[in-house]
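Letters A, B, ... are given to chains in the order of the sequence lines, protein chains preceding strands, and every chain is numbered from 1. The figures here come from the full heavy-atom set of this structure, side chains too, leaving out hydrogens, waters and symmetry mates.
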Amino acid sequence: MPELPEVEVVRRGLAQWVSGRTVDHVDIAHPRAVRRHIAGPADFAARLAGRRLGPAQRRGKYLWLTLVDDGDPRPGDEALLAHLGMSGQLLVQPPQLPAEVHLRVTLTFTDGGRQLRFVDQRTFGGLAVEPLTLDLVPAALAHIARDPLDALFDDEAFAAALRRRRTGLKRALLDQTLISGVGNIYADETLWRARQHYARATSTVTAPSCAALLSHVRAVMTEALAQGGTSFDSLYVNVNGESGYFERSLDAYGQEGRPCPRCGTPIRREPFMNRSSFLCPRCQPRPRAAHW
DNA sequence: CAATTGACCTGTGTGC
DNA sequence: TGCACACAGGTCAATT
């Protein structure tokens with residue numbers, strides 16, 4: 001599942017293989033893939049044709065390529081925005097390669113080289129063309145918080161916002177308006193490292209505890225990035241179609257029944273928000289009061 | 001306004 | 001064999 005480290009791997013691939021090239025034309029095989037482009041598929045294609053793709057950028061799980069003729073991105077410039085959702089892939093493929101089963105959108109370039117293909121089995125992801133706002137992020141990202149690897153992420157403001165919440169710790173970690181880029185896998189890994197239960201009331205998280213939490217989320221994401229990201233079912237791959245191998249390093253997520261690497265207690269899977277939470281019942285005891 | 005829930009989507013695996 | 005169903009889960013609209 002693409003979370004921040006996986007999306008960052010893709011961003012680096014786009015920077016290497018796609019940035020600086022000019023779009024010739026766009027083919028949309030599945031309109032749902034551009035449903036967030038309000039003006040429709042034809043407008044989406046028209047806004048990209050003939051445009052040069054600039055630097056690849058990312059916030060949380062979103063990434064975008066600004067459409068620039070020269071110089072640095074400016075407010076008002078348009079950008080090609082992508083979200084991979086559950087199963088989205090951005091692949092850089094030779095034009096002669098047959099279409100993938102779940103190929104949704106193809107960008108063909110004027111240089112005749114490799115195409116950029118958006119492939120998405122479950123179609124939760126999508127592409128759009130959006131103008132950049134004053135802080136140089138696409139308009140649709142106005143409500144998305146900075147991610148923990150962003151140099152401008154404000155640790156103290158996050159701690160304060162966390163304490164104002166009346167919810168559980170994992171729900172807060174997954175709330176992209178508080179902190180972006182964290183999904184189910186890295187939330188569970190972070191909580192395991194921090195020895196925190198997912199239902200810990202956010203209002204009780206002290207400043208040092210919050211600092212530790214941020215330290216763990218940064219560490220686990222940085223380590224995952226160094227290994228090319230996490231993949232379970234090959235649905236997440238880099239632009240060359242290769243899977244990362246961080247799954248070998250997971251301590252809690254997906255480890256139901258296996259011994260906790262710290263204390264040996266079997267890792268437990270519990271239903272949570274219509275999905276699963278993996279935790280060590282001994283290292284991460286359930287708090288007395290909270291029931292989130 | 002904040003928190004919560006359901007809908008969206010399809011391939012895979014399991015049980016009957 | 002075939003069918004029903006649970007599951008994977010990020011985001012957003014609707015509801016409380």
Open item on the list: Counting only side-chain heavy atoms from C-beta out, which of C:dG10, B:dT10, B:dA2 sits nearest to A:R122?
Closed with: B:dT10
Task: Salt-bridge present (A:E189, A:R193; N to O < 4.0 Å) - done: no
Open item on the list: If you only use heavy atoms from C-beta on, which nucleotide in B:dG11, C:dT11, B:dC9 is closest to the side chain of A:H102?
Closed with: B:dG11
Open item on the list: Let's see if you can work this out: which of C:dG10, B:dG11, B:dA2 has an atom nearest to the side-chain heavy atoms of A:M86?
Closed with: C:dG10
Open item on the list: Please determine whether a side-chain nitrogen of the Lys or Arg among A:K61 and A:D147 lies less than 4.0 Å from a carboxylate oxygen of the Asp or Glu.
Closed with: no
Task: d(NE2, A:H143; C1', C:dG10) in whole Å - done: 11 Å
- [ ] Provide, to the nearest angstrom, the distance between the CZ atom belonging to A:R275 and the P atom belonging to B:dC8.
- [x] 16 Å
Open item on the list: Between A:S87 and B:dG11, is there a contact of a side-chain N or O with OP1 or OP2 at under 4.0 Å?
Closed with: no
Task: Separation of atom CD1 in A:I179 from atom C1' in C:dG10, rounded to whole Å - done: 16 Å
Open item on the list: Whole angstroms only, please: what is the CG-P distance between A:N184 and C:dT11?
Closed with: 12 Å
TODO: Using whole Å, report how far CZ of A:R36 lies from P of C:dG10.
DONE: 13 Å
Open item on the list: Is there a side-chain contact between A:R166 and the phosphate of B:dT4, meaning an N or O under 4.0 Å from OP1 or OP2?
Closed with: no
Open item on the list: Salt bridge check, A:R218 against A:D155: does any charged N sit closer than 4.0 Å to a carboxylate O?
Closed with: yes
TODO: Taking only the side-chain nitrogens and oxygens of A:R32, find out if one of them lies under 4.0 Å from OP1 or OP2 of B:dC9.
DONE: yes
Open item on the list: Whether A:Q176 contacts C:dT11 is assessed here as follows: a side-chain N or O lying under 4.0 Å from the phosphate OP1 or OP2. Is that the case?
Closed with: yes
Task: Salt bridge flag under 4.0 Å for residues A:R171 and A:D175 - done: no
Task: Integer-rounded Å distance: C:dC12 P and A:M273 CE - done: 14 Å
Open item on the list: Less than 4.0 angstrom between a side-chain N/O of A:H83 and OP1 or OP2 of C:dG10, yes or no?
Closed with: no
Task: Residue closer to the 5' end of DNA chain B, A:R164 versus A:V101 (nearest nucleotide) - done: A:R164
Open item on the list: Can you measure A:D175 atom CG to B:dT4 atom P for me and round it to whole angstrom units?
Closed with: 10 Å
Task: Interatomic distance where NE2 belongs to A:H30 and P belongs to B:dC9 [whole Å] - done: 8 Å
Open item on the list: Taking side chain to side chain contact (heavy atoms under 4.5 Å, CB included) as the criterion, tell me which of A:P55, A:P73, A:S19 meets it with A:L65.
Closed with: A:S19
- [ ] Measure from the side-chain heavy atoms of A:T167 and tell me the nearest of C:dG10, B:dA2, B:dT4.
- [x] B:dT4
- [ ] Determine the contact category for A:R35: base if any of its heavy atoms lies under 4.0 Å from a base atom, sugar-phosphate if only primed atoms, P, OP1 or OP2 are that close, otherwise nothing.
- [x] nothing
Task: Proximal nucleotide (of B:dC9, C:dG10, B:dT4) relative to the A:R171 side chain - done: B:dT4
